[in-house]
Amino acid sequence: MKNNKIFVACDSTNISQIKKIIKHTSNTKLKIGYKFGLEFLNSKHGRNFVSKLKKKIIFADLKLHDIPNTCMSAIKAIKDLKVNYLTIHISAGLQALKAAKKVSGSIRLVGVSILTSLDNKALKEIGFNKDVKKLVLHQAKLAKKANLDAIVCSAQEVKIVKKIFKKEIITPGIRLNNKNNDQKRVQTPKQAFINGAHSLVIGRNITKGDIKKNIQTLIDHLSQ
Ligand code: C5P
């Protein structure tokens with residue numbers, strides 16, 4: 001089970017809650033990384049907290065989506081945090097991806113494809129003509145072209161992405177129950193790994209309620 005990496009989404013602004021999440025998810029049978037996103041990294045004490053974390057796999061989910069120069073500058077600005085992973089939207093464009101890759105150094109640069117909270121109806125609303133699967137496939141080609149280190153997609157597209165993109169595939173939109181919240185393209189942890197995902201992002205199904213119990217439920221589910 002140690003090969004199945006789980007990134008726990010630390011979505012809170014509350015330092016005690018984040019400490020609790022880390023305490024109750026460390027030293028399990030699972031290989032755990034910690035994902036800090038817009039909520040925590042923009043909070044008053046969030047950045048400083050992350051800067052002091054030791055011996056953890058750290059995933060900065062900044063989801064950069066800007067012009068090439070700004071993406072580059074943002075990456076340079078976060079380098080002191082010594083994070084292991086950093087996200088950029090693939091829809092920022094090939095030039096921005098290449099520029100970001102130029103300065104990312106040892107940080108694994110992760111291309112985010114179509115968000116798991118979007119479905120075909122939502123894509124149409126935004127103005128895209130392609131459906132989810134075709135768009136994600138197209139974006140996987142861009143991620144490959146820009147030599148990105150990993151890609152984020154839903155577990156429903158892993159098999160398609162795998163044909164194009166041979167590096168790490170990370171899937172959010174993971175659910176152990178029927179409560180999807182704001183996510184549209186969901187999958188169970190087990191099915192996500194069966195589909196070929198290398199790492200999963202799990203937030204609320206771990207962090208809401210009894211964290212230790214949630215981790216045990218996840219371990220039981222994966223070993224069935
Ligand atoms: O609580 P839940 O498991 O839905 O959290 C998913 C996490 O993954 C959130 O932190 C969200 O920002 C992130 N994420 C996502 N879909 C993407 C990329 C990141 O849900 N495509």
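Each ligand, and each atom within it, is numbered from 1 in the order the structure gives.
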Report task. Heavy-atom contacts with D61 under 4.0 Å: which atoms of ligand 1 show up? List them by number with element. Result -> 12 (O), 13 (C), 19 (C)

Query raised in the report: Just distances here: any N/O of G203 and N/O of ligand 1 closer than 3.5 Å?
Result: yes

Query - Heavy atom of the protein closest to atom 16 (N) of ligand 1 (residue, atom name, distance) - result: T116 OG1, 2.8 Å

Query - Heavy-atom pair with the smallest gap, counting every atom of L142 and L97 - result: O-CD1, 4.3 Å

Query - Numbering as shown, the atoms of ligand 1 that approach V152 to under 4.0 Å (heavy-atom distance) - result: 18 (C), 21 (N)

Query raised in the report: So which heavy atom on S154 is nearest to which on T116, and how close?
Result: CB-CG2, 3.5 Å

Query - Shortest protein contact, atom 12 (O) of ligand 1 (heavy atom only) - result: K63 NZ, 3.4 Å

Query raised in the report: Side-chain contact, heavy-atom cut-off 4.5 Å: E39 with T13?
Result: yes

Requested in this report: Return yes when N181 approaches ligand 1 closer than 4.0 angstrom through a heavy atom, no otherwise.
Outcome: no

Query raised in the report: What atoms of ligand 1 come within less than 4.0 Å of a heavy atom belonging to V201?
Result: 7 (C), 8 (O)

Query raised in the report: Any idea which protein heavy atom is nearest atom 17 (C) of ligand 1, and the distance to it?
Result: P172 CG, 3.5 Å

Query raised in the report: Can you tell me which residue and heavy atom of the protein come closest to atom 11 (C) of ligand 1, and the distance to 0.1 Å?
Result: K35 NZ, 4.0 Å

Report summary line: When every non-hydrogen atom of N195 is compared with those of K162, the smallest separation belongs to O-CD, 4.2 Å

Query - Those atoms of ligand 1 less than 4.0 Å from some heavy atom in A9 - result: 7 (C), 10 (O)

Report summary line: When distances are taken from atom 20 (O) of ligand 1, the protein heavy atom at minimum range is Q183 NE2, 2.8 Å

Requested in this report: Using distance alone, decide if ligand 1 has a nitrogen or oxygen within less than 3.5 Å of any nitrogen or oxygen in R175.
Outcome: yes

Report task. Describe, in one word, how the ring planes of F59 and Y85 are oriented to each other, choosing from parallel (under 30°), tilted (30 to 60°) and perpendicular (over 60°). Result -> parallel

Requested in this report: Before accepting this row, confirm whether a basic side-chain N of the pair K212/D210 lies closer than 4.0 Å to the acidic partner's carboxylate O.
Outcome: no

**Report entry** Side-chain touch F49/I22, heavy atoms, less than 4.5 angstrom
**Finding:** yes

Requested in this report: Using distance alone, decide if ligand 1 has a nitrogen or oxygen within less than 3.5 Å of any nitrogen or oxygen in S113.
Outcome: no

Query - Salt-bridge contact K101-D149 (side-chain N to carboxylate O under 4.0 Å) - result: yes

Query raised in the report: Between L137 and I170, is there a shared hydrophobic cluster once you connect ILVMFWY residues whose side-chain heavy atoms come closer than 4.5 Å?
Result: no

Query raised in the report: What atoms of ligand 1 come within less than 4.0 Å of a heavy atom belonging to D11?
Result: 9 (C), 10 (O)

Report task. For N147 and K167, test the side chains for any donor-to-acceptor distance below 3.5 angstrom and give the result as yes or no. Result -> yes

Query raised in the report: Can you find an N/O atom of N205 closer than 3.5 Å to an N/O atom of ligand 1?
Result: no

Query - Best match, K208, H89, R204: closest heavy atom to atom 4 (O) of ligand 1 - result: R204

